[in-house]
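Note that this is a predicted model, so its numbers are computed, not measured. Counting begins at 1 with the first residue of the sequence. Heavy-atom basis, side chains included; hydrogens, waters and symmetry copies ignored.
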Amino acid sequence: MNAQAIEDPDFYCKFQVDEEGWLANLFWSDSDSLYDYTCFGDVLIFDATYKTNIYNRPLAVFVGTNNHLSTMFLLVHYWLMSTLTLTIGFYKTFLTSMKEKKPACILTDGNDAMCKAIVGVLPKSRHRVCSWHVGNNLFDKIKDEGTRADFGDCIYSSWSVDEWEVAWQTMVDKYDLADNPWIQQMYRKRERWAETYFSGHFFGGMTSTQRCEGMNKNLKAGIGTYSKIYEILPRIERTLKRMRNDARKDDLIAKIEPQFWQLICVHWKTRWQK
């Protein structure tokens, strides 16, 4: 990483050690990440569920979407130790690495520590909990098919706030859910997961952390279950180079295609006039 920092002036790396001197947290991003975030950092997606490694700790990634609707990598956090204080520090480190630019909106997996950290560090960013995770919890907590269907409507329907409140209360009364602790908890958090409450906020058509899952799939192809940290870093670099090369291909195609079709139109117009 020291060598990379010499070659890349915007390369950012920070690490923390525990009381015994062992690596506890590791963050890194590079100039490509900074450039992409500067151009397309309106919506930020974060997921910390990927744990396919010998340490059984999350390999957390910050990703976004570019002008071709492709996934762009922003920052990797190898999370060997997690507390609320460190989670807040994580977001602050991200902002430092991205020159203090804050996202307009952020999508997460709903981790409680993450939610609290966002409130403290990014209070003006609109936070949304991944709809897939909400639906997954729904199937775990609620077994009645009718309740699941009505709750699903509350997740995805673009009602007004008043319409949503009526639908929610109707569901609660219909299935006798007034004393259900999970239902009560989800109602208190409704502004983080119900489509109704995101009217007027730009999320780029995204309601879940699926792009993080796609990134995790790409990383998994190069990272084995028993990979050590010193083996993981260069493998991640190779994965990112491949993804960024695909993004450059998209840029090239976007430039060439309009010229190509313009030539075709001129060609056929000329033949038609003859």
K.L.:
From D246 CG over to D251 CG, what is the distance, rounded to the nearest 0.5 angstrom?
P.N.:
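Going from CG on D246 over to CG on D251, the span is 11.5 Å.
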K.L.:
Do you know the tightest heavy-atom contact between H201 and C105?
P.N.:
CB-SG, 4.2 Å
K.L.:
How long is the span from the CG atom in L107 to the OG atom in S131, to the nearest 0.5 Å?
P.N.:
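Taking CG in L107 and OG in S131, the distance rounds to 8.0 Å.
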K.L.:
Supply the atom-to-atom distance I183 CD1 to I142 CD1, rounded to the nearest 0.5 angstrom.
P.N.:
4.5 Å
K.L.:
Just by distance, with hydrogens left out, do D30 and S33 show a side-chain donor and acceptor under 3.5 Å apart?
P.N.:
yes
K.L.:
Is there a path of hydrophobic side-chain contacts, each under 4.5 Å between heavy atoms, that joins M186 and W164?
P.N.:
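They do share one cluster, since a chain of ILVMFWY contacts under 4.5 Å joins M186 to W164.
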K.L.:
Looking just at side-chain N and O atoms, do Y175 and N180 make a donor-acceptor pair shorter than 3.5 Å?
P.N.:
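Note: Y175 and N180 side chains miss the donor-acceptor criterion.
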K.L.:
Considering non-hydrogen atoms only, spot the tightest contact between W159 and A167 and give its length.
P.N.:
CZ3-CB, 3.4 Å
K.L.:
Are a donor atom and an acceptor atom from the side chains of Q169 and D173 found within less than 3.5 Å of each other?
P.N.:
yes
K.L.:
Measuring from atom CE of M171 to atom OG1 of T147, what distance do you get when rounded to the nearest 0.5 angstrom?
P.N.:
7.5 Å
K.L.:
Enumerate, atom names and distances included, each donor-acceptor pair closer than 3.5 Å involving a side-chain atom of residues 117-130, sequence neighbours excluded.
P.N.:
unit_1	atom_1	unit_2	atom_2	d
S125	OG	P103	O	2.5
R126	NH1	E191	O	3.1
R126	NH2	E191	O	2.8
R126	NH2	Y197	O	2.9
H127	NE2	T108	OG1	2.8
R128	NH1	E195	OE1	3.4
R128	NH2	E195	OE1	2.6

K.L.:
Does the Lys NZ or Arg CZ of R148 fall within the cation-pi geometry relative to F151 - under 6.0 Å from the ring centre and within 45° of the axis?
P.N.:
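Pair R148/F151 does not count as cation-pi.
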K.L.:
Would you kindly say whether Y187 and E165 are connected by a side-chain donor-acceptor distance under 3.5 Å?
P.N.:
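Yes.
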K.L.:
Roughly how far, to the nearest 0.5 Å, is CZ of F203 from CG of L44?
P.N.:
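Output value for this atom pair is 11.0 Å.
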K.L.:
How far does CZ of F46 sit from CD1 of I106, to the nearest 0.5 angstrom?
P.N.:
8.0 Å
K.L.:
Identify the heavy atoms of A247 and N66 that sit nearest to each other, and give their distance.
P.N.:
CB-ND2, 4.3 Å
K.L.:
When you check the side-chain N and O atoms of D8 and S31, is any donor under 3.5 Å from an acceptor?
P.N.:
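Their side chains do contain a donor-acceptor pair, which is all the 3.5 Å distance test asks for.
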K.L.:
Is the distance between the ring centroids of F27 and F15 less than 6.0 Å?
P.N.:
no
K.L.:
Count the heavy atoms of every other residue, nucleotide or ligand shown that sit under 6.0 Å from OH of Y156, and state whether that count exceeds 12.
P.N.:
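Enclosed.
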K.L.:
Could you pull out the closest heavy-atom pair between D32 and R244, with the gap in Å?
P.N.:
CB-CZ, 3.4 Å
K.L.:
Do the rings of F94 and Y37 sit parallel, tilted or perpendicular, given the 30° and 60° boundaries?
P.N.:
perpendicular
